[in-house]
Amino acid sequence: MARQKEQFGGIKIGSAFFGWLAATGTVVLLSAVAGTIAVLLGYSAETTTNQFADPTSWDMGTTAWVGGVIALVILFVAYYCGGYVAGRMARFSGAVQGLAVWLWAIVAVIVVTILGLIIGNELDAGGSLEGVPQLGAQSEDFTFGGVIAALLAAAASLGGAVLGGIAGMRFHRRVDKAGLGK
């Protein structure tokens with residue numbers, strides 16, 4: 001097995017890409033489920049915090065914390081799934097495959113940001129639409145809390161991807177042991 005690992009180990013870009021696709025799809029699906037549950041509980045963008053669930057136990061700070069924790073759990077689970085896919089596909093170096101899944105996400109964010117800056121300035125897509133909220137980040141959006149939230153999101157997704165990659169690789173270790181009769 002050492003010879004196999006030497007020959008076939010390391011980062012597999014294709015496996016990591018498909019792991020990233022799995023993670024991205026899982027984020028979308030889990031976010032939709034979380035949003036549906038929030039709506040079923042009576043929360044909407046127009047609902048004031050006093051009308052949501054128990055008016056005495058919920059305030060804006062609590063709602064933000066609960067939403068933040070749910071978002072971190074979604075990121076962790078989604079990237080765990082993506083790391084698992086990459087680890088299973090690549091067979092060796094599970095933690096490295098998970099890291100590569102996370103790096104694909106970073107590359108995607110950078111590419112989308114650059115495209116948004118180029119295309120957004122050229123087309124002024126949002127500026128000409130009335131009633132459509134602007135999605136661009138403003139300088140006042142970069143607060144200490146926002147930076148901490150971004151770092152927590154990065155840590156949750158990285159941790160999930162690496163642990164998922166290890167879990168995906170471990171499946172192959174069990175198969176190898178069974179095949180060798182150990």
Side-chain angles (χ1 to χ4, degrees), residues 1-38 65-120 122-123 125 135-137 141-142 145-182:
M1 186 161 60
R3 195 180 81 199
Q4 291 174 332
K5 185 174 182 179
E6 182 181 322
Q7 185 174 354
F8 297 107
I11 293 179
K12 302 296 180 203
I13 300 298
S15 297
F17 176 74
F18 287 109
W20 170 72
L21 286 178
T24 302
T26 305
V27 166
V28 170
L29 292 173
L30 292 177
S31 296
V33 169
T36 301
I37 291 170
W65 278 102
V66 169
V69 169
I70 290 170
L72 289 175
V73 169
I74 287 172
L75 284 172
F76 181 85
V77 169
Y79 276 87
Y80 182 90
C81 294
Y84 185 85
V85 166
R88 282 288 303 268
M89 288 179 67
R91 187 170 184 201
F92 295 105
S93 308
V96 174
Q97 300 310 324
L99 174 64
V101 167
W102 188 77
L103 290 174
W104 266 110
I106 298 299
V107 168
V109 166
I110 291 169
V111 168
V112 167
T113 300
I114 291 171
L115 286 175
L117 290 172
I118 293 169
I119 293 172
E122 293 294 320
L123 298 178
L135 298 177
D141 295 335
F142 297 103
V147 171
I148 296 299
L151 291 174
L152 287 173
S157 58
L158 176 60
V162 170
L163 291 174
I166 291 169
M169 179 191 70
R170 285 182 35 181
F171 171 83
H172 287 289
R173 299 298 76 80
R174 291 193 316 263
V175 170
D176 291 342
K177 286 179 185 178
L180 296 172
K182 293 182 179 180

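Note that the structure is a prediction, hence the values are computed from the model and not measured.
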Taking only residues two or more places apart in sequence, or in another chain, which ones meet Leu152 in a side-chain contact (heavy atoms from CB on, under 4.5 Å)?
-> Leu72, Ile148

May I have all residue pairs that pass side chain to side chain donor-acceptor pair (under 3.5 Å) and include part of residues 69-83, sequence neighbours excluded?
-> none

For residues 15-27, which residue pairs qualify under side chain to side chain donor-acceptor pair (under 3.5 Å), counting only residues two or more places apart or in two chains?
-> Trp20-Thr24

For Gly94 and Met169, the nearest pair of non-hydrogen atoms, with its separation, is N-SD, 3.2 Å

Considering all heavy atoms, the nearest Thr113-Val109 contact | OG1-O, 2.7 Å

Identify, with sequence neighbours excluded, every residue that meets side-chain hydrogen bond (donor to acceptor under 3.5 Å, both in side chains) alongside Tyr84.
-> Arg88

Heavy atoms of Ala78 and Val27 approach each other most closely as CB-CG2, 3.3 Å

Taken in chain and number order and not counting sequence neighbours, the residues that satisfy side-chain contact (heavy atoms from CB on, under 4.5 Å) with Ala149 are none

Gap between atom CG of Leu30 and atom SG of Cys81 - 0.5 Å precision = 7.5 Å

Is Leu21 close to Trp104 at the side-chain level, that is, under 4.5 Å between some pair of heavy atoms?
-> no

Around atom CZ of Phe18, are there more than 12 heavy atoms of other residues, nucleotides or ligands at under 6.0 Å?
-> no

Heavy atoms of Ala16 and Val101 approach each other most closely as O-CG2, 3.6 Å

Who pairs with Ile114 by side-chain contact (heavy atoms from CB on, under 4.5 Å), at least two apart in sequence or on another chain?
-> Ile110, Ile118

Can you sort out the partners of Ala34 under side-chain contact (heavy atoms from CB on, under 4.5 Å), two or more places apart, ordered by chain and number?
-> Ile70, Ile74

Under 3.5 Å, which donor-acceptor pairs link side chains of residues 157-165 to any protein atom two or more places apart or in another chain?
unit_1	atom_1	unit_2	atom_2	d
Ser157	OG	Trp102	NE1	3.0
Ser157	OG	Ala153	O	3.0
Ser157	OG	Ala154	O	3.1

